[in-house]
Amino acid sequence: AITTRQPPVYHKTEREIEFQGKSISVPEGDQSMVCEALFKNMQSMKHEWQWEEVFEAVGDTVAKSTKEQWRKVYNAGREINKKVAIETGLKDLLLVRKQTIAVNPRYLSKS
């Protein structure tokens with residue numbers, strides 16, 4: 001398999017992650033919200049996000065600290081990883097943890 005060492009790019013208008021030479025479609029809603037926050041720029045891709053920060057980053061100030069909000073980010077991250085895995089065979093684009101979500105740093109360098 002040809003692997004390009006380009007960092008992932010999220011195209012907000014098309015709702016697609018461009019990664020490993022593939023375009024991975026992301027549905028509107030929680031998954032696109034997570035992508036908008038995490039893939040905004042290189043700085044945001046290097047950041048380990050608390051799930052509350054994801055809501056703040058996209059201007060969702062309604063989000064209260066509830067288990068449902070945490071679960072939205074957690075589940076969205078896992079679903080994005082599943083989609084990426086189907087297209088690229090890589091299962092760990094996003095590091096999804098109980099309190100945080102982040103883009104896996106090993107996919108951010110071009111070397």
Side-chain angles (χ1 to χ4, degrees):
I2 302 164
T3 52
T4 53
R5 297 296 292 178
Q6 289 295 326
V9 176
Y10 179 65
H11 301 288
K12 189 174 171 178
T13 46
E14 292 90 11
R15 287 198 303 280
E16 285 179 349
I17 299 170
E18 197 177 303
F19 182 57
Q20 300 289 309
K22 307 271 190 207
S23 289
I24 299 131
S25 190
V26 178
E28 196 168 358
D30 296 340
Q31 291 177 48
S32 61
M33 174 192 72
V34 166
C35 287
E36 278 178 42
L38 269 63
F39 296 107
K40 190 172 195 170
N41 55 40
M42 190 50 84
Q43 197 130 4
S44 64
M45 285 196 272
K46 289 180 176 170
H47 182 65
E48 189 169 356
W49 294 77
Q50 298 287 326
W51 56 265
E52 296 99 328
E53 290 179 300
V54 174
F55 287 100
E56 286 169 19
V58 295
D60 187 345
T61 51
V62 181
K64 301 281 179 274
S65 295
T66 66
K67 198 171 198 134
E68 292 76 44
Q69 299 296 356
W70 162 79
R71 189 158 292 291
K72 277 184 177 188
V73 173
Y74 183 82
N75 288 344
R78 294 192 49 164
E79 287 301 314
I80 292 164
N81 273 347
K82 280 184 202 166
K83 287 184 171 67
V84 171
I86 290 166
E87 292 293 328
T88 68
L90 299 168
K91 298 177 173 76
D92 60 350
L93 173 62
L94 299 180
L95 303 175
V96 183
R97 300 189 181 94
K98 270 217 153 67
Q99 297 295 320
T100 61
I101 188 166
V103 178
N104 191 328
R106 71 189 238 213
Y107 301 122
L108 297 181
S109 67
K110 290 184 181 182
S111 57

4.5 Å side-chain heavy-atom contact, [X] and [Y]:
X      : Y     : answer
Val84  : Phe19 : yes
Gln20  : Leu90 : yes
Arg15  : Glu28 : yes
Val103 : Pro7  : no
Lys12  : Ser32 : no

What distance do [X] atom [atom1] and [Y] atom [atom2] have between them, rounded to the nearest 0.5 Å?
X     : Y      : atom1 : atom2 : value
Ser25 : Gln31  : OG    : CD    : 9.5 Å
Leu95 : Thr100 : CG    : OG1   : 8.0 Å
Lys83 : Ile24  : NZ    : CD1   : 10.5 Å
Met33 : Phe55  : CE    : CZ    : 4.0 Å
Tyr10 : Leu38  : OH    : CG    : 11.0 Å
Phe39 : Ile80  : CZ    : CD1   : 6.5 Å

Looking only at heavy atoms, what is the nearest atom pair of Gly77 and Ile101, with distance? CA-CD1, 3.7 Å
Donor-acceptor pair, distance only, cut-off 3.5 Å: does the side chain of [X] make one with the backbone of [Y]?
X     : Y     : result
Asn41 : Ser44 : yes
Asn81 : Leu94 : yes
Glu53 : Gln50 : yes

Set out, in order, the CA-CA distance, both residues' side-chain angles and the distance that settles side chain to side chain contact (heavy atoms under 4.5 Å, CB included) for Glu56 and Val54, then state yes or no. CA-CA 5 Å; Glu56 286 169 19; Val54 174; over 6 Å; no
Are Val34 and Met42 connected, step by step, through hydrophobic side chains (Ile, Leu, Val, Met, Phe, Trp, Tyr) whose heavy atoms are closer than 4.5 Å? yes
Listing request: all salt bridge (charged side-chain N to carboxylate O under 4.0 Å, His left out) pairs with a residue in residues 90-101, at least two apart in sequence or in separate chains. Glu48-Arg97, Asp92-Arg106
Trp49 vs His47 aromatic rings, parallel, tilted or perpendicular, using cut-offs 30° and 60°? perpendicular
Evaluate Tyr74 against Trp51 for side chain to side chain contact (heavy atoms under 4.5 Å, CB included), listing each step before the verdict. CA-CA 8 Å; Tyr74 183 82; Trp51 56 265; over 6 Å; no
